[in-house]
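Read the structure below first, then the notes.
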Amino acid sequence: MTDTKTTGVRAFGLVWLGQLVASVGSGLTTFALGIWVFRKTGAVTNYAAVAFFGILPGLLISPLAGVYVDRWDRRRILLGSNLASGLRTLAVAALLWQGDLRNWHVYAAAALASVIRAFHVPAYMAATTLLVPRKHLARASGMLQLGQAAAETLAPFLAGLLVSLIRVEGVLFIDILTSLFAMVSLALVAVPRPAQSAAGRIGKGSAAREATFGWQFIRERPGLRGLLLYFAMVNLVFSMASVLAVPLVLSFADETLLGRVLAAGSAGLLAGSIVMSVTGGPRPHIHGVLGFGLLLGVALVLVGLRPDPRLVAAGLFLTLFGVPVVNGSSQAIWQVKVPPDVQGRVFAVRRALALFTVPLGHLLAGPLADRVFRPLLLPRGALAASLGPVVGVGPGRGIGLLYITLAALPILTSLWGYTRPRLRRVEEELPDALVD
């Protein structure tokens with residue numbers, strides 16, 4: 001019997017479409033449940049806890065997940081991830097329908113989603129490398145960012161509308177349907193097995209040995225190690241900024257305006273993703289990482305400067321415009337420099353180390369906003385007279401000041417990156433693992 005499954009670039013297109021639809025569904029659920037927790041408790045710390053539990057478990061399991069991404073069929077891993085995601089949402093929906101949903105249920109669901117992503121993300125990246133020619137990898141990375149951008153642009157608008165029409169339960173049901181759609185698209189494609197490389201032969205062994213191989217591979221390559229450190233620093237800032245965006249806007253606006261501001265910001269992600277998809281980003285790719293990292297810092301200043309929805313929207317637009325260029329450029333470097341048969345392990349360790357600062361950022365964001373920065377710019381606060389005329393005075397102005405403070409790190413880290421020759425010249429120094 002002849003195998004009629006789609007392969008190559010067409011297969012990538014089908015996978016991308018399915019994952020795009022699933023991302024929209026997940027975005028609806030994330031937006032709806034995040035607002036549900038924040039409105040129920042009124043505390044930034046509780047809201048940030050959802051993001052914290054949504055990242056830490058996956059980071060802890062990532063090295064082991066990477067082992068099985070390299071051992072198992074990557075298409076089946078994607079299928080299993082979509083199935084598990086749909087079942088998770090179904091469980092949350094059942095609790096909500098029965099009136100039994102509690103904060104800890106949302107935290108547990110976020111933790112499970114984190115574990116699912118630990119398998120899904122490296123499998124998706126590694127499968128892309130096998131389906132897309134090398135010369136189009138940067139554009140493919142832009143398409144992946146475009147899928148995320150479309151989800152984040154649509155979700156704020158659709159979630160607010162759908163919650164009012166079909167309630168949160170209906171939003172969760174839509175998420176379940178999008179998971180099924182993604183599974184159908186995956187059933188139509190074939191992802192080839194990668195050929196074994198010299199690095200793959202060296203990394204063979206027990207699960208424990210293979211779990212450490214990803215770090216060994218990165219450690220022996222200073223340019224990739226520097227790139228990893230750069231993302232760890234930038235991700236610390238971005239994780240805090242993303243958690244604080246909703247409380248910042250809600251301090252001077254309602255949910256309707258919040259959806260518009262976040263959608264305007266996500267439009268920047270959409271625009272940057274389109275640019276990356278069409279052009280493949282700056283060459284060498286390291287300029288797309290470090291140069292647009294500087295843009296992120298400058299844009300964060302605009303977000304925190306004044307309680308003006310137009311200024312916040314503009315700052316979020318510029319911040320998120322740079323994200324797909326930074327991420328897509330970095331992804332193209334890694335895909336070309338890492339042999340396909342070890343990308344599961346290397347990408348999993350890379351993800352864990354680059355994102356290990358994210359839960360730290362989620363933990364710090366709430367207490368810093370609530371207990372440190374908020375009192376400073378309340379009426380008669382310590383900085384109300386000095387900085388108040390510039391950034392304003394009121395409950396949300398402390399968060400604005402925190403945004404401005406955070407902006408210094410991506411600016412300084414990008415400048416640091418340009419002073420490190422091994423990082424700046426990583427594309428020249430490391431041999432390519434892929435051929436055209």
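Heavy-atom basis, side chains included; hydrogens, waters and symmetry copies ignored. These numbers were taken from a predicted model, which means no experiment stands behind them.
Between the side chain of Arg283 and the backbone N or O of Gly281, at least one donor-acceptor pair lies under 3.5 Å. Lys337 places no side-chain N or O within 3.5 Å of a backbone atom of Ala433 that could act as its donor or acceptor partner. Ser239 contributes a side-chain N or O that, together with a main-chain N or O of Leu236, makes up a donor-acceptor pair within less than 3.5 Å. Looking only at distances, a side-chain donor or acceptor of His105 sits under 3.5 Å from a matching main-chain atom of Arg102. Remark: side-chain polar atoms of Glu427 are not paired, donor with acceptor, to backbone N or O of Ile333 under 3.5 angstrom. The closest donor-acceptor contact from the side chain of Ser330 to the backbone of Asn327 lies at 3.5 Å or more, if one exists at all.
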> Passes side-chain contact (heavy atoms from CB on, under 4.5 Å), Leu377 versus Phe373? Steps please.
Replying inline: CA-CA 7 Å; Leu377 287 173; Phe373 281 83; over 6 Å; no
> side-chain contact (heavy atoms from CB on, under 4.5 Å) between Leu368 and Arg374: does it pass, once the steps are laid out?
Replying inline: CA-CA 8 Å; Leu368 282 176; Arg374 182 177 184 273; over 6 Å; no
> Can Trp215 and Arg350 be said to form a side-chain contact (heavy atoms from CB on, under 4.5 Å), step by step?
Replying inline: CA-CA 8 Å; Trp215 167 239; Arg350 165 202 169 198; over 6 Å; no
> Are Leu112 and Ile116 close enough, and set up right, to give a side-chain contact (heavy atoms from CB on, under 4.5 Å), and what steps lead you there?
Replying inline: CA-CA 6 Å; Leu112 179 56; Ile116 293 169; 4.1 Å; yes
>> If you apply the rule side-chain hydrogen bond (donor to acceptor under 3.5 Å, both in side chains), what do you find for Gln343 with Thr129, and how did you get there?
In response: CA-CA 9 Å; Gln343 285 187 2; Thr129 305; 2.8 Å; yes
> How far apart are the C-alpha atoms of Thr357 and Asn235, what are their side-chain angles, what is the distance that settles it, and do they pass the side-chain hydrogen bond (donor to acceptor under 3.5 Å, both in side chains) test?
Replying inline: CA-CA 6 Å; Thr357 54; Asn235 285 336; 5.3 Å; no
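Looking only at side-chain heavy atoms (C-beta outward), Leu423 and Arg225 stay at 4.5 Å or farther from each other. The closest side-chain heavy-atom distance from Arg306 to Val390 is not below 4.5 Å. Side-chain contact between Leu144 and Phe12 is present, with heavy atoms from C-beta onward closer than 4.5 Å. The shortest distance between side-chain heavy atoms of Leu295 and Val326 does not fall below 4.5 Å. Using a 4.5 Å heavy-atom cutoff, the side chains of Met143 and Arg139 are not in contact. Taking the side chain as every heavy atom from C-beta outward, Pro309 and Arg260 never approach each other to under 4.5 Å. With contacts defined as side-chain heavy-atom distances shorter than 4.5 Å, the pair Val246/Leu258 qualifies. Side-chain contact between Ile399 and Pro247 is present, with heavy atoms from C-beta onward closer than 4.5 Å.
For His120, the ring-ring contact (aromatic ring centres under 6.0 Å, His included) partners are Tyr124, not counting sequence neighbours. Applying the salt bridge (charged side-chain N to carboxylate O under 4.0 Å, His left out) test to Arg219 and every residue at least two apart in sequence or in another chain returns nothing. A search for salt bridge (charged side-chain N to carboxylate O under 4.0 Å, His left out) contacts involving Asp70 returns Arg74, Arg345, not counting sequence neighbours. Partners of Phe181 by ring-ring contact (aromatic ring centres under 6.0 Å, His included), not counting sequence neighbours: none found.
Considering Leu376, Leu401, Val393 in turn, Leu401 is the only one that fulfils the side chain to side chain contact (heavy atoms under 4.5 Å, CB included) rule with Leu387. With Val303 as the fixed residue, the side chain to side chain contact (heavy atoms under 4.5 Å, CB included) test singles out one of Val261, Leu318, Val312, Ile404: Val312.
With rounding to the nearest 0.5 Å, the separation of CG in Leu320 from CZ in Phe238 is 5.0 Å. Distance check, rounded to the nearest 0.5 Å: CZ of Arg221 to CG of Leu227 gives 14.0 Å. In this structure, Phe356 CZ and Leu360 CG are separated by 8.0 Å, a value rounded to the nearest 0.5 Å. With values rounded to the nearest 0.5 angstrom, Leu172 atom CG is found 11.5 Å from Leu177 atom CG. The CG atom of Leu95 lies 10.0 Å from the CG atom of Leu90; values are rounded to the nearest 0.5 Å. In this structure, CZ in Phe217 is found 6.5 Å from CG in Leu224, a value given to the nearest 0.5 Å.
The two residues Leu248 and Gly400 have their closest heavy-atom pair at CD1-N, 3.9 Å. In this structure, Ala332 and Ser141 approach most closely via the heavy-atom pair N-OG, 4.2 Å. Nearest approach of Asn82 to Ala22, heavy atoms of both residues: ND2-CB, 4.3 Å. Nearest heavy atom pair, residue Gly142 against residue Met276, reads CA-CG, 3.6 Å. Contact detail for Pro122 and Gly344: the closest heavy-atom pair is CB-O, 3.9 Å. The shortest heavy-atom contact between Ala138 and His285 is CB-CE1, 3.7 Å.
Within the structure, side chain to side chain donor-acceptor pair (under 3.5 Å) contacts touching residues 397-416 (residues at least two apart or in different chains) are Tyr230-Ser414.
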Below 3.5 Å, can you tabulate the donor-acceptor pairs from side chains in residues 50-63 to any protein atom, sequence neighbours excluded?
| unit_1 | atom_1 | unit_2 | atom_2 | d |
| --- | --- | --- | --- | --- |
| Ser62 | OG | Gly58 | O | 2.7 |

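Ring pair Phe321/Phe317 is parallel by interplanar angle, where below 30° counts as parallel and above 60° as perpendicular.
Side-chain polar atoms of Thr89 and Asp175 form a donor-acceptor pair below 3.5 angstrom.
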